[in-house]
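This report concerns only the one structure given below.
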Amino acid sequence: MASKKEDLPEFWKEYEASFLEALPEKITDAVFVVLDTETTGFSLKKDRMLSIGALRLQDSTIKAKDAFEVFLNQTTFDAKTVEIHGILKRGKTKRIEELEGLKIVLKLLGNAIIVAHHAGFDVGMLNAALIRHGLPKLKNKTLDTAILYHKSLPKAKRKTEGHYSLDDLCEEFNIPKTDRHTALGDAYITAIAFLQILENLKPISLKQLLKKDRFWEFWKFI
């Protein structure tokens with residue numbers, strides 16, 4: 001990691017400067033970036049991101065023009081995960097270097113709130129990549145749709161162990177799985193589920209919503 005703040009690249013300084021602006025009080029004024037990563041596996045140390053998908057969400061509206069999906073060049077590969085995401089080691093899909101992908105993510109993020117399903121994993125993979133390139137970890141607040149969905153349910157219906165999958169949310173909210181297990185497809189599904197969860201939770205303020213994401217742990221990643 002870069003030892004001095006002045007040694008950090010300009011794109012990181014621009015990202016960091018966005019946090020000088022305070023988050024709004026109203027949920028309708030907040031900007032959310034819903035994201036997903038497809039990876040070679042579940043190890044934050046050993047595995048790598050193969051693709052990143054993200055979109056912006058504000059006032060219950062998906063900003064389609066800001067949505068993106070990038071595929072990354074990686075030397076690490078696990079053929080077993082191809083069955084899940086379909087990303088081949090040597091496919092025809094255009095790929096960019098990992099650092100370029102991170103720059104795109106940071107530019108879209110700014111100080112927005114990250115929304116992801118099992119957010120600890122996706123944010124963990126992004127942070128591991130940032131560290132590999134000598135950069136600090138992400139500074140954004142995060143929301144996990146698995147946690148929020150759990151808390152939106154009556155206590156009698158909540159799971160006491162295990163976790164809620166994205167497929168569980170698709171079934172609950174009748175969301176088509178057309179692009180399931182693609183980074184942008186899963187980000188879109190997560191965004192639709194997030195909007196439905198907000199309807200069920202009916203949080204009064206952004207601060208209250210962020211508090212609902214605390215004090216629950218589904219799993220740990222190696």
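We count residues from 1, following the sequence as given.
Taken together through direct or relayed side-chain contacts under 4.5 Å among Ile, Leu, Val, Met, Phe, Trp and Tyr, Leu35 and Ile104 form part of one hydrophobic cluster. There is a path of hydrophobic side-chain contacts, each under 4.5 Å, that joins Val70 to Leu99. Residues Ile27 and Ile204 fall into different hydrophobic clusters, defined by Ile, Leu, Val, Met, Phe, Trp and Tyr side chains chained together at heavy-atom separations under 4.5 Å. With hydrophobic clusters built from ILVMFWY side chains whose heavy atoms lie under 4.5 angstrom apart, Leu198 does not share a cluster with Val31.
Considering only heavy atoms from C-beta on, Leu184 stays 4.5 Å or farther from Asp179 through its side chain. Two residues are said to be in side-chain contact when any heavy atoms from C-beta on lie closer than 4.5 Å; Leu209 and Ile113 fail this criterion. The closest side-chain heavy-atom distance from Tyr149 to Asn200 is not below 4.5 Å. Considering only heavy atoms from C-beta on, Glu38 comes within 4.5 Å of Asp186 through its side chain. In this structure the side chain of Glu171 reaches within 4.5 angstrom of the side chain of Lys177, judged on heavy atoms. Contact of the Leu57 side chain with the Leu195 side chain is registered, since non-hydrogen atoms from C-beta on lie closer than 4.5 Å. Under the 4.5 Å side-chain criterion, counting only non-hydrogen atoms from C-beta, Tyr188 is not in contact with Ile175. Residues Lys155 and Arg158 meet the side-chain proximity criterion, which asks for heavy atoms closer than 4.5 Å.
Here the CG-NZ distance, from Leu135 to Lys103, works out to 9.5 Å after rounding to the nearest 0.5 Å. For the atom pair NE2 (His150) and CG (Leu148), the distance works out to 10.5 Å, reported to the nearest 0.5 Å. Distance check, rounded to the nearest 0.5 Å: OG of Ser43 to CZ of Arg48 gives 8.5 Å. With values rounded to the nearest 0.5 angstrom, Leu138 atom CG is found 5.5 Å from Leu126 atom CG. The CZ atom of Phe32 sits 9.0 Å away from the CD atom of Gln58 when rounded to the nearest 0.5 Å. Here the straight-line distance linking atom CG of Leu169 with atom CD of Glu172 works out to 7.5 Å at 0.5 Å rounding.
Closest heavy-atom contact between Leu166 and His117: N-NE2, 3.3 Å. Residues Val33 and Ala54 come closest through the heavy atom pair CG1-CB, 4.1 Å. Scanning both residues, Asp144 and Ala119, for their nearest heavy atoms gives OD2-N, 3.1 Å.
Atom CD of Gln208 sits in a crowded spot, with more than 12 heavy atoms from other residues, nucleotides or ligands closer than 6.0 Å. Within a 6.0 Å sphere centred on CD1 of Ile96, other residues, nucleotides and ligands contribute more than 12 heavy atoms. Annotation for Asn174: atom CG does not count as buried by contact number, only 12 or fewer foreign heavy atoms lying within 6.0 Å.
With sequence neighbours excluded, no residue forms a salt bridge (charged side-chain N to carboxylate O under 4.0 Å, His left out) with Asp29.
Between the Asp59 side chain and the Thr61 main chain, no donor and acceptor come within less than 3.5 Å of each other. In terms of modelled atom types and a separation under 3.5 Å, the side chain of Asn127 and the main chain of Gly124 share no donor-acceptor contact. His163 places no side-chain N or O within 3.5 Å of a backbone atom of Ile147 that could act as its donor or acceptor partner. Distance alone, capped at 3.5 Å, is enough to place a donor-acceptor pair between the Glu69 side chain and the Ala183 backbone.
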Between side-chain atoms of residues 11-23 and protein atoms elsewhere (two or more places apart, or another chain), which donor-acceptor pairs fall under 3.5 Å?
| unit_1 | atom_1 | unit_2 | atom_2 | d |
| --- | --- | --- | --- | --- |
| Lys13 | NZ | Glu6 | O | 3.4 |
| Tyr15 | OH | Lys139 | N | 2.8 |
| Tyr15 | OH | Asn140 | OD1 | 2.5 |
| Ser18 | OG | Tyr15 | O | 2.5 |
| Ser18 | OG | Asn111 | N | 3.2 |

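A side-chain contact (heavy atoms from CB on, under 4.5 Å) with Val115 is found for exactly one of Val34, Asp122, Asp36, namely Val34. For the side-chain contact (heavy atoms from CB on, under 4.5 Å) criterion with Lys137, the lone passing option out of Leu130, Val123, Ile131 is Ile131.
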Between Thr182 and Ser51, is the side chain to side chain contact (heavy atoms under 4.5 Å, CB included) condition met? List the steps.
CA-CA 8 Å; Thr182 66; Ser51 65; over 6 Å; no
Output, in order, the C-alpha distance, side-chain angles, deciding distance and verdict of side chain to side chain contact (heavy atoms under 4.5 Å, CB included) for Leu72 and Arg95.
CA-CA 5 Å; Leu72 309 176; Arg95 304 177 195 221; over 6 Å; no
Chi angles and distances behind the side chain to side chain contact (heavy atoms under 4.5 Å, CB included) call for Lys159, Asp168:
CA-CA 12 Å; Lys159 287 185 178 182; Asp168 289 334; 3.8 Å; yes
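A salt bridge links Glu98 with Arg132: at least one charged nitrogen is closer than 4.0 Å to a carboxylate oxygen.
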